[in-house]
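Residue numbers begin at 1 in each chain, while the letters A, B, ... track the order of the sequences.
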Amino acid sequence: MSYVPSQEVEHGDLVVYTTLNQIKDNILAIYNAVGTDAVNPAACGNAEHTNHSTETEGSTLRMFHTFRWLVYGSSGTLTDPTGVGASVSLSDNPVAGQPAYYDLESIDWLEYGMMYDVSGVVYALELDLRL
Amino acid sequence: MGISTYFVTPPPYVESGKWLSAYWVNELNKFIDTGAGFVYGANVARWTYPGVESVFTNENIYVLRHKYPVLRVVFRFTNVSTTLRIKLSRQDLTGGLTQVYSQSHSSGPKTIDITLATSGFSVADDELYFVRVQAERGTSTDLQYIERVEEVGAGEIDNPTPLLSTLSASTVVTATYLNNLLDAAKGLSNGLIPYNLPFVGVQTNQSQTRTATYLRYKLRHLNRYLHVGFKAANGGGGSDGVILYLNDLRVKGWSNNNTNNSDIFDMTALPNSIAEPSFGAEYELKFVVDKTDGVFKANYLWELPYL
């Protein structure tokens with residue numbers, strides 16, 4: 001049973017039983033994908049800061065842009081892998097040990113669904129809220 | 001516009017005798033679609049952190065936003081006398097760590113579950129915290145791996161099946177039926193928390209063999225298309241300078257052409273008659289690199305529902 005993106009019902013149209021059956025099937029499709037146990041995976045740090053650092057210098061973190069806020073540690077650079085968008089400097093949080101946040105909506109070339117690279121930082125992930 | 005926020009509220013319960021509006025159905029669909037966008041969106045492969053020697057806490061870091069009661073760390077190793085330690089902190093510094101696990105093991109793999117509430121480490125809901133692990137190995141030369149670090153909420157997602165039934169053209173739709181649909185959707189959303197992990201784009205100046213490569217990634221099969229991107233090294237290896245394997249089965253080879261390469265594979269029609277992994281099953285992707293010059297870099301590995 002696969003997920004079928006829903007069609008919007010127009011005001012004044014009849015809501016037919018097949019629409020409600022599709023909603024039911026979509027709920028089941030999601031459940032079949034995720035199961036009963038919720039999982040919250042951790043973001044792994046940048047490979048250039050690992051025990052293989054002499055061999056992995058230049059490693060980056062590539063994001064599939066989904067949420068507004070980039071959370072990261074240390075300083076680095078955000079780049080457009082296509083080379084079109086201007087690179088963005090990422091500054092470390094002045095409070096030692098605290099993550100820094102960057103509002104990705106302030107980058108004019110970065111649209112949701114685009115890829116971008118984060119280099120230099122120790123870790124990075126996107127969140128929907130600034131914590 | 002993408003998912004800049006995850007705060008999508010479900011529609012209210014319906015009352016018997018009231019009109020069923022298009023608005024209510026559309027709001028319910030939106031609520032479910034948001035969850036689906038998360039489940040079926042970018043399915044990013046996780047790097048399997050390797051160690052050819054002991055791994056110490058200043059050499060790795062994992063970050064997550066606290067949601068669920070159990071922290072799970074999965075180690076893979078075969079050698080004897082490996083001591084595993086897990087340390088947590090609310091700062092990303094290597095000092096001030098709280099050790100929540102320390103034990104010696106004679107064989108692997110090992111899945112360690114830590115109940116955070118009784119671990120001696122305090123973290124509030126939604127707070128960011130950091131995990132560092134240590135794996136001090138015995139005398140074996142086998143690689144050891146940190147497979148994954150995650151929080152688990154057992155039973156957080158309600159099975160919607162008992163609430164759902166199939167309508168026919170002659171069924172009278174009741175308020176109870178509609179509210180059950182809504183409750184089923186709400187039961188899913190409890191366990192669909194938003195996150196967006198990076199792809200760990202490992203760059204290496206070393207060749208990587210089929211058995212000892214540290215360019216290993218894992219992901220659950222949820223989407224139809226596997227997107228692969230890497231920058232090849234500069235020379236060596238002939239037409240098989242880079243080989244991608246799926247569960248140790250060869251998918252494709254490329255030459256070391258010193259350029260960015262991208263490819264998309266239909267998981268239902270993989271090359272070399274490789275069977276599509278079962279829906280939801282975890283599988284391993286790995287790069288093997290045979291190079292004489294330059295560097296290899298994994299740019300991305302993820303599943304998407306589209307080409």
Side-chain angles (χ1 to χ4, degrees), chain A residues 3 5-6 8-11 13 15 17 19-21 23-24 26-28 30-31 33-47 50-52 55-56 58-68 71 73 96-99 112-113 115 117-118 122-128 131, chain B residues 1-6 20 22 25-26 29 32-33 35-36 39-40 42 47 51 55 59-64 67-68 91-93 126 128 131 149-157 160 164 166-167 169 181 184-185 188 191 193-194 196-206 222 299-300:
Chain A
Y3 190 89
S6 52
E8 190 157 287
V9 181
E10 296 293 334
H11 182 69
D13 279 358
V15 178
Y17 77 99
T19 299
L20 296 173
N21 281 340
I23 290 173
K24 178 208 71 169
N26 283 345
I27 291 171
L28 287 172
I30 294 173
Y31 177 70
V34 296
T36 303
D37 293 346
V39 176
N40 177 26
C44 178
N46 187 344
T50 69
N51 55 341
H52 299 283
E55 299 177 8
T56 55
S59 296
T60 62
L61 300 169
R62 179 160 291 196
M63 307 294 307
F64 189 98
H65 181 34
T66 305
F67 299 118
R68 177 173 178 176
V71 188
Q98 293 301 308
Y112 289 100
M115 294 188 283
D117 281 328
V118 182
V122 176
Y123 62 87
L125 73 161
E126 285 189 357
L127 292 178
D128 57 340
L131 302 178
Chain B
M1 191 71 176
I3 307 171
S4 59
T5 178
Y6 199 66
L20 171 59
V25 175
N26 290 336
N29 266 329
I32 297 167
D33 279 348
V39 173
Y40 296 100
W47 186 41
V55 175
E59 298 168 329
N60 66 87
I61 188 167
Y62 293 82
V63 56
L64 68 171
K67 286 289 179 185
Y68 301 122
Q91 297 187 325
D92 59 18
L93 304 172
D126 282 328
L128 283 180
V131 182
V149 177
E150 63 195 15
E151 283 185 352
V152 178
E156 291 278 347
I157 300 172
L164 301 174
T166 302
L167 299 176
L181 267 187
L188 288 180
I193 57 103
N196 187 24
L197 305 180
F199 175 78
V200 180
V202 180
Q203 176 167 296
T204 178
N205 54 21
Q206 303 291 312
L222 293 175
N299 287 334
Y300 57 88

Pick from [options]: which one has the most heavy-atom pairs with chain A under 4.5 Å?
{"options": "B/Val63, B/Leu93, B/Leu181", "value": "B/Val63"}
{"options": "B/Asp126, B/Asp92, B/Leu197, B/Leu128", "value": "B/Asp92"}
{"options": "B/Ala42, B/Gly155, B/Ala185", "value": "B/Gly155"}
{"options": "B/Leu64, B/Ile32, B/Asn26, B/Val25", "value": "B/Asn26"}
{"options": "B/Leu20, B/Val55, B/Val149", "value": "B/Val149"}
{"options": "B/Leu222, B/Asn60, B/Val200, B/Thr204", "value": "B/Val200"}

Engaged part of [X] at the chain B interface, taking heavy atoms whose separation is under 4.5 Å:
{"X": "A/Phe64", "result": "both"}
{"X": "A/Ala33", "result": "both"}
{"X": "A/Val71", "result": "side chain"}
{"X": "A/Val39", "result": "both"}

So which of [options] has the biggest tally of heavy-atom pairs under 4.5 Å with chain B?
{"options": "A/Asn40, A/Asp37, A/Leu61", "value": "A/Asn40"}
{"options": "A/Ala96, A/Gly58, A/Gly35", "value": "A/Gly58"}
{"options": "A/Gly113, A/Gly97, A/Gly73", "value": "A/Gly97"}
{"options": "A/Leu125, A/Val15, A/Val118, A/Ile23", "value": "A/Ile23"}
{"options": "A/Leu20, A/Ile27, A/Ile30, A/Asp13", "value": "A/Ile27"}
{"options": "A/Val122, A/Asp117, A/Thr50", "value": "A/Thr50"}

Inset, instruction - Check the side chains of A/Tyr3 and B/Asp33 for a donor-acceptor pair under 3.5 angstrom, ignoring hydrogens and angles. - result: yes
Inset, instruction - Could you look at B/Leu188 and say if it's the side chain, the backbone, both or neither that has a heavy atom under 4.5 Å from chain A? - result: side chain
Inset, instruction - Using atom types as modelled and distance alone, determine if a side-chain donor or acceptor of A/Ser59 lies under 3.5 Å from a backbone N or O of B/Gln203. - result: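 Looks like yes, one N/O pair under 3.5 Å.
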Legend entry - Check: A/Asn21 side chain, B/Thr166 main-chain N or O, donor-acceptor pair, under 3.5 Å: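 A pair under 3.5 Å: no.
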Inset, instruction - Drop me the distance from B/Asn29's CG to A/Thr19's OG1, to the nearest 0.5 angstrom. - result: 8.0 Å
Legend entry - Distance in Å, B/Tyr300 OH paired with A/Thr60 OG1, rounded so as to fall on 0.5 Å steps: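 So the gap between those two atoms works out to 12.5 Å.
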Ignoring hydrogens, what is the shortest heavy-atom contact between [X] and [Y]? Give both atom names and the distance.
{"X": "A/Cys44", "Y": "B/Pro198", "result": "O-CG, 4.3 Å"}
{"X": "B/Leu167", "Y": "A/Tyr17", "result": "O-CD1, 3.5 Å"}
{"X": "B/Ala22", "Y": "A/Glu10", "result": "CB-O, 3.7 Å"}

Inset, instruction - Check whether any side-chain heavy atom of A/Tyr31 sits under 4.5 Å from a side-chain heavy atom of B/Leu164, and report yes or no. - result: no
Legend entry - Non-hydrogen side-chain atoms of B/Pro160 and A/Leu28 separated by less than 4.5 Å: yes
